[in-house]
Amino acid sequence: MPDWTPDRIRWLVDELEKLYGRSRRIARFDPMEELVSCILSQHTTDATSFPAFTRLREAYADWQAVVDAGPEELASVIRKAGLANQKSKNIIAALSAIKERFGSYSLGSLRKVELLEARSILMSLPGVGPKTASIVLCFAFGKGAIPVDTHVFRVCWRLGLYEKKIGENKAHDVLLALVPPELAFRFHVALIQHGRKICRAPKPNCAQCLLAPSCAFFELLEAG
């Protein structure tokens, strides 16, 4: 099996992009919007969370208005995103913590902060774990953080980048050490596409996978 060096990671991304095309990062939201959108998206789908985020932005003129509304009213606005009571509390608490720390409802100062420190600051906010923090850093700031969702996690452990037992949270740190920062966004998108189309759960389509010769999971199946 290959040793997953940075050069091998570059090869992996190149091979997947030959199949799925190369994705270019275009910030869909500013950092504050990305953060709130991510909190809303936890434990649900984009099809559910994005409309809830749109309703939130239409209902309130600015972030101060969201805080002033209070968790009960906010929960009624974002109800369809699921877990609305907890998410409304986390959103308001995170907004309040940002205002207290930075003096305004802005994360712009993180742009010049080193990645691990910026991630630590974000993870100190209520309702923000490594995946949410990494989405904000990768998508809104273009930093080298890699959000590990269920597809990224599954494809990586099957390929042998880490063991499945480490879990998604710790996988963030492993990938930070393996993946060149400039490839973070492309790596994230390429592996999601591969996880959805070929390396699916519970049964991957190994017969059609161009990565099978380099895959630890496929090797075990063949030995099997």
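A quick note: this is a predicted structure, and the numbers were derived from the prediction, not measured. For the single chain, residues carry numbers from 1 onward in sequence order.
- R8 and S214 share a side-chain donor-acceptor pair at under 3.5 Å.
- With salt bridges taken as basic N to acidic carboxylate O contacts below 4.0 Å, none links E72 and K89.
- Side chain of S49 to main chain of T45: a donor-acceptor pair is present (N/O by atom type, distance under 3.5 Å, no hydrogens or angles).
- In this structure, the separation between CG on L74 and CG on L95 is 9.0 Å, given to the nearest 0.5 Å.
- Contact detail for R101 and S124: the closest heavy-atom pair is NH1-OG, 4.5 Å.
- Hydrophobic cluster membership differs between L176 and F187, with clusters built from Ile, Leu, Val, Met, Phe, Trp and Tyr side chains linked at under 4.5 angstrom.
- Closest approach of E34 to V136, counting heavy atoms only: CG-CA, 4.0 Å.
- You'll find the side chain of L122 reaches within 4.5 Å of the side chain of L107, heavy atoms only.
- Grouped with F185 in one hydrophobic cluster are I135, F139, V189, the linkage being side-chain heavy-atom contacts under 4.5 Å among Ile, Leu, Val, Met, Phe, Trp and Tyr residues.
- Taking the charged nitrogens against the carboxylate oxygens, K131 and E168 have no contact shorter than 4.0 Å, which rules out a salt bridge.
- Linking ILVMFWY residues whenever their side-chain heavy atoms come closer than 4.5 Å, directly or via other members, places V179 and I166 in the same cluster.
- A salt bridge (charged side-chain N to carboxylate O under 4.0 Å, His left out) check over residues 151-166, counting only residues at least two apart or in different chains, returns the pairs E163-K165.
- Counting heavy-atom neighbours within 6.0 Å of E114 CD, excluding the residue itself, gives a total above 12.
- Checking side-chain atoms of S76 against main-chain N and O of E73 turns up a donor-acceptor pair under 3.5 Å.
- For the pair R196 and I192, the minimum side-chain heavy-atom distance is below 4.5 Å.
- Remark: the backbone N or O of F50 is paired with a side-chain donor or acceptor of T54 at under 3.5 angstrom.
- By the ring pair (Phe, Tyr, Trp, His ring centres under 6.0 Å) test, Y162 pairs with F153, sequence neighbours left out.
- E15 and K18 are joined by a salt bridge, as a carboxylate oxygen and a charged side-chain nitrogen come within less than 4.0 angstrom of each other.
- Interatomic distance, E17 CD to L12 CG, rounded to the nearest 0.5 Å: 9.5 Å.
- Residue I9 holds its CD1 atom at 7.0 Å from SG of C156, rounded to the nearest 0.5 Å.
- Here the side chain of H188 pairs no donor or acceptor atom with the backbone of V148 at under 3.5 angstrom.
- With hydrogens and angles disregarded, a donor-acceptor distance shorter than 3.5 Å links the side chain of S41 to the backbone of C38.
- Considering only heavy atoms from C-beta on, V152 comes within 4.5 Å of D149 through its side chain.
- If you take CD1 on I198 and CG on L210, they are separated by 8.5 Å, rounding to the nearest 0.5 Å.
- Clustering ILVMFWY residues whenever any of their side-chain heavy atoms sit less than 4.5 angstrom apart, transitively, puts F29 in the very cluster that holds V128.
- Taking every heavy atom of both residues into account, L110 and F102 meet most closely at CD2-CZ, 4.1 Å.
- Within the 4.5 Å cutoff, no side-chain heavy atoms of V66 are placed close to those of Y105.
- Note on L178: it clusters hydrophobically with L211, by side-chain heavy-atom contacts below 4.5 Å among ILVMFWY residues.
- Put simply, L191 and Y20 are part of the same group of oily side chains (I, L, V, M, F, W, Y) that touch within less than 4.5 Å, one to the next.
- Here R10 pairs with D7 in a salt bridge; the nearest charged N to carboxylate O distance falls below 4.0 Å.
- Between A75 and N85, the closest heavy-atom pair is CB-OD1, 3.6 Å.
- C138 is not listed as a side-chain neighbour of I146, based on a closest heavy-atom distance of 4.5 Å or more.
- A salt bridge does not link R22 to D14: none of the charged nitrogens lies less than 4.0 Å from a carboxylate oxygen.
- Taking each heavy atom of A94 and L125 in turn, the nearest pair found is O-CD2, 4.1 Å.
- Listed here is the closest heavy atom pair of P71 and S88: O-OG, 3.1 Å.
- Remark: E33 engages R57 in a salt bridge, criterion side-chain N to carboxylate O under 4.0 Å.
- No donor-acceptor pair closer than 3.5 Å links the side chain of K87 to the backbone N or O of I78.
- The side-chain heavy atoms of P181 and K143, taken from C-beta on, include no pair separated by under 4.5 Å.
- Taking 4.5 Å as the limit, some side-chain heavy atom of V36 sits within range of a side-chain heavy atom of W63.
- Counting heavy atoms from C-beta on, the side chains of M32 and I98 come closer than 4.5 Å.
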